[in-house]
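We use all heavy atoms of the structure for the numbers below, so side chains are in, but hydrogens, waters and symmetry mates are not. What you are looking at is a predicted structure, and each value in this text was computed from that prediction instead of being measured. Note on naming: letters A, B, ... go to the chains in the order of the sequence lines (proteins, then strands), and numbering restarts at 1 for each one.
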Amino acid sequence: DVKVTQSSRYLVKRTGEKVFLECVQDMDHENMFWYRQDPGLGLRLIYFSYDVKMKEKGDIPEGYSVSREKKERFSLILESASTNQTSMYLCASTRVLSEKLFFGSGTQLSVL
Amino acid sequence: AQSVTQLDSHVSVSEGTPVLLRCNYSSSYSPSLFWYVQHPNKGLQLLLKYTSAATLVKGINGFEAEFKKSETSFHLTKPSAHMSDAAEYFCVVRTKYNFNKFYFGSGTKLNVKP
């Protein structure tokens, strides 16, 4: 089975801190995604990457950046965390042109 | 532009009764449509998908959905609810124009009463 692993299940940070969320997939997928999930809003795409060092902005990229130095790893970076970035963050991966997203278990980030 | 509207944020049914979760989409191009399910404290899982083949799509755990182009709908149904169906369900659209973008609806929480 495909495994998408997010490094932390729960994370608590302070306003202004730099935050790194890590995601690793083990099935050689080309595409990787970062979403945030908020009640009543569903999942909103922050960034996705279609290859190493390649990235494209999603619908809500402000306040975030990403890094993909290796195919299996996709990092989400909050340069200066703010309270409105408190959310559940979900990583996903898929093969190019595939219809099936594989999701990690999520990281619940609280920014105080 | 692509968008998905899930008409109900919460649906409550009794065990053994039918389930209907409603989804309408907006897409400028021929869409692919999906339903994903998220059980509490678990990752999202693909339930079923429509990709321009048969309009009635069968998924896992007895769920099915019908693509109706004239109504721009893709409602999810199940004849008989089970307690284990309690979860949050997301309708998702993707277009042939941009395979990399999956647009999620706001979700419907299904509660199943004994």
Does one hydrophobic cluster hold both [X] and [Y], with members joined at side-chain heavy-atom distances below 4.5 Å?
X	Y	value
A:Phe48	B:Leu46	yes
A:Trp34	B:Phe102	no
B:Val19	B:Met83	yes
A:Leu21	A:Val4	no
A:Phe33	A:Leu78	no

With a 6.0 Å cut-off on ring centres, are B:Phe104 and A:Tyr35 close enough? yes
Separation between CG of B:Leu44 and CZ of A:Phe102, rounded to the nearest 0.5 Å: 13.0 Å
What distance do B:Gln38 atom CD and A:Phe103 atom CZ have between them, rounded to the nearest 0.5 Å? 8.5 Å
Answer with side chain, backbone, both or neither: which region of B:Glu88 has an atom nearer than 4.5 Å to a non-hydrogen atom of chain A? side chain
Structural part of A:Gln6 lying under 4.5 Å from a heavy atom of chain B: neither
Where does A:Leu90 contact chain B at under 4.5 Å (heavy atoms): side chain, backbone, both or neither? side chain
If you take all heavy atoms of B:Ser106 and A:Gly40, which pair is closest and at what distance? CB-O, 3.3 Å
Smallest heavy-atom separation, B:Tyr36 atom then A:Leu101 atom, equals OH-N, 2.8 Å
Take A:Gln37 and B:Phe90 through the test side chain to side chain contact (heavy atoms under 4.5 Å, CB included) and record every step on the way to the result. CA-CA 11 Å; A:Gln37 181 179 10; B:Phe90 294 93; 3.3 Å; yes
Flag the one option from A:Met88, A:Arg9, A:Gln108, A:Arg44 with the top tally of heavy-atom pairs under 4.5 Å to chain B. A:Arg9
Using a cut-off of under 4.5 Å for heavy-atom pairs, which of A:Leu41, A:Asp38, A:Leu43 has the most such pairs with chain B? A:Leu43
Does atom NZ of A:Lys71 have more than 12 heavy-atom neighbours, drawn from other residues, nucleotides or ligands, at distances under 6.0 Å? yes
